[in-house]
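Order of listing sets the numbers, starting from 1, for every ligand and every atom in it. By convention here, the first residue in the shown sequence is residue 1.
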Amino acid sequence: MTYFSEASSAEVVNARMGAQTDPRLRAVMHALVTHLHAFIKDVEPTTEEWEAAIAFLTKTGQMCSDTRQEFILLSDVLGVSMLVDAINHRRPDGATENTVFGPFHVDGAPERAMGETISLDGKGESCLFEGRVLDLDGNPIQGAVVDVWSDNEDGFYDVQQPDIQPQWNNRGVFRTGVDGAYRFRGVKPVSYPIPDDGPVGQMLEQVGRHPWRPAHMHFLVTADGFEPITTHTFVAGDPYLESDAVFGVKHSLIVPCEPVQGGETAWRSAFDFVLKPM
Ligand code: BEZ
Ligand code: FE
């Protein structure tokens, strides 16, 4: 029997786990305790610093509600959400890359006719988003569901401004036909800060980081027999592409927004999605 000491701390805590513990839980808890104790030994926090850390986590929990998930935001700004996403969505060359889901998707957005607008408030610079949903061999996928959402001209999602924006503003669901094509009108997205009025925002400020995300359109693309894609297209040239607060940018997802002369929209953004079979 070894009593707890500075040297034996992780080993002693891990030895307490019951013999019947689920093997996966055992492995996860063992790694958690091992890395956490190594972190504490590395940092050697003062008692006051440890109390401040507990207070930070307490405030993070207290900030959570049905409409605000401060712990996911913490995971996002620490790059952990993107790391978990990368581990779980390793894809072959040519398949569209995933990125962070974010907190602003809403299930049940209206299904719209191909070419229809998702901008219900009529604000912002109009932009046509179009492309195809393809398999790895370049064949069109019929019946793919393309669920899209973006912020408005002022940098807010409809759910952040329920008293200002119409419900389902800048959201819609489109279903591809035999040619695998999707096409909808929206507004050219603008960069916006992630919610920064809580403990995560304070932490960013204290470590000299800004809360901004580069302008992007969100896509959730699903089709029978294929792995769903949760991703964005990022507007090329955005000043925050290299410093996204949540590390979501990937080179393959940066898409030029081209000016359109004499068209029905001021801008056009074209991107094909390539899905990996299940
Ligand atoms: C978003 O793009 O909607 C988002 C992603 C992560 C944190 C906050 C917002
Ligand atoms: Fe977003």
Side-chain angles (χ1 to χ4, degrees), residues 60-61 63-86 88-89 96-107 109 118-119 121 123-125 127 129 146-162 164-165 167-173 184 186-205 207 209-221 228-236 238-250 252-255 257 269 271 273:
T60 300
M63 196 78 196
C64 293
S65 68
D66 287 349
T67 54
R68 177 77 178 255
Q69 232 303 352
E70 196 75 357
F71 271 113
I72 295 183
L73 210 55
L74 180 58
S75 154
D76 293 343
V77 302
L78 293 177
V80 176
S81 301
M82 281 302 292
L83 181 56
V84 173
D85 191 74
N88 284 280
H89 299 101
T96 301
E97 295 190 276
N98 242 52
T99 190
V100 65
F101 190 48
F104 299 125
H105 178 260
V106 182
D107 281 334
I118 59 170
S119 167
D121 62 2
K123 290 172 65 172
E125 296 181 58
C127 183
F129 294 85
V146 181
D147 187 344
V148 305
W149 65 106
S150 78
D151 58 345
N152 74 350
E153 184 190 31
D154 302 321
F156 294 102
Y157 292 84
D158 59 351
V159 288
Q160 294 176 287
Q161 296 187 312
I164 297 174
Q165 296 188 41
Q167 192 186 20
W168 308 120
N169 193 30
N170 294 309
R171 294 177 192 276
V173 172
F184 63 92
V187 291
K188 187 179 174 195
V190 300
S191 33
Y192 64 86
I194 60 169
D196 63 346
D197 56 344
V200 170
Q202 281 168 13
M203 183 199 74
L204 289 180
E205 197 178 330
V207 299
R209 283 176 54 183
H210 69 69
W212 288 81
R213 295 216 66 205
H216 55 273
M217 174 63 73
H218 288 261
F219 290 87
L220 172 58
V221 183
I229 295 179
T230 298
T231 199
H232 317 343
T233 55
F234 292 92
V235 178
D238 188 284
Y240 296 108
L241 283 174
E242 287 177 11
S243 64
D244 182 0
V246 302
F247 306 96
V249 180
K250 292 180 179 176
S252 67
L253 302 176
I254 301 173
V255 179
C257 238
S269 171
F271 189 80
F273 295 93

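The CZ atom of Phe271 sits 8.0 Å away from atom CZ of Phe219, with the distance rounded to the nearest 0.5 Å.
Look at His218 and the Fe ion (ligand 2): an N/O/S atom of the residue is under 2.8 Å from the metal. Counting backbone and side-chain atoms alike, Ser150 contributes no N/O/S atom closer than 2.8 Å to the Fe ion (ligand 2).
For the side chain to side chain contact (heavy atoms under 4.5 Å, CB included) with Ser191, the lone residue among Asp238, Val235, Asp151, Leu241 that qualifies is Asp238.
When all heavy atoms of Met217 and Val187 are compared, the pair lying nearest together is CE-O, 4.5 Å. When all heavy atoms of Val77 and Phe247 are compared, the closest pair comes out as O-CE1, 3.2 Å.
The distance from ligand 1 to the heavy atoms of Phe104 drops below 4.0 Å at these ligand atoms: 3 (O), 9 (C). Interface of Leu73 with ligand 1, defined as ligand atoms under 4.0 Å from a residue heavy atom, comprises 7 (C), 8 (C). Taking every heavy atom of His218 and a limit of under 4.0 angstrom, the matching atoms of ligand 1 come to 1 (C), 2 (O), 3 (O).
Given atom 1 (C) of ligand 1, the protein heavy atom at minimum distance is Tyr192 OH, 2.8 Å. Of the protein's non-hydrogen atoms, the one nearest atom 2 (O) of ligand 1 is Arg213 NH1, 2.5 Å. Of all protein heavy atoms, the one lying nearest to atom 4 (C) of ligand 1 is Pro103 CD, 3.5 Å. Atom 5 (C) of ligand 1 has Gly102 CA, 3.4 Å as its closest protein atom, hydrogens excluded (heavy atom only).
Residue contacts with ligand 1 include Tyr157, since one or more of its heavy atoms lies under 4.0 Å from the ligand.
Nearest to the Fe ion (ligand 2), among the N, O or S atoms that His216 has, is NE2.
If you look at His218 and Phe104, their ring centroids are not closer than 6.0 Å. Here the two rings, on Trp149 and Phe101, have centers that are under 6.0 Å apart.
With the Fe ion (ligand 2) as the vertex, atom OH of Tyr192 and atom OH of Tyr157 span an angle of 100° (nearest 10 degrees).
Look at Asp197 and Arg68 and you find a salt bridge, because one of the NZ, NE, NH1 or NH2 atoms lies within 4.0 Å of a carboxylate O, short of that distance.
Judged by distance alone, the side chains of His105 and Asp147 do bring a donor and an acceptor atom under 3.5 Å apart.
Considering each of Asp76, Ile194, Ile72, the one bringing a non-hydrogen atom nearest atom 6 (C) of ligand 1 is Asp76.
For the pair Phe129 and Val148, the minimum side-chain heavy-atom distance is 4.5 Å or more.
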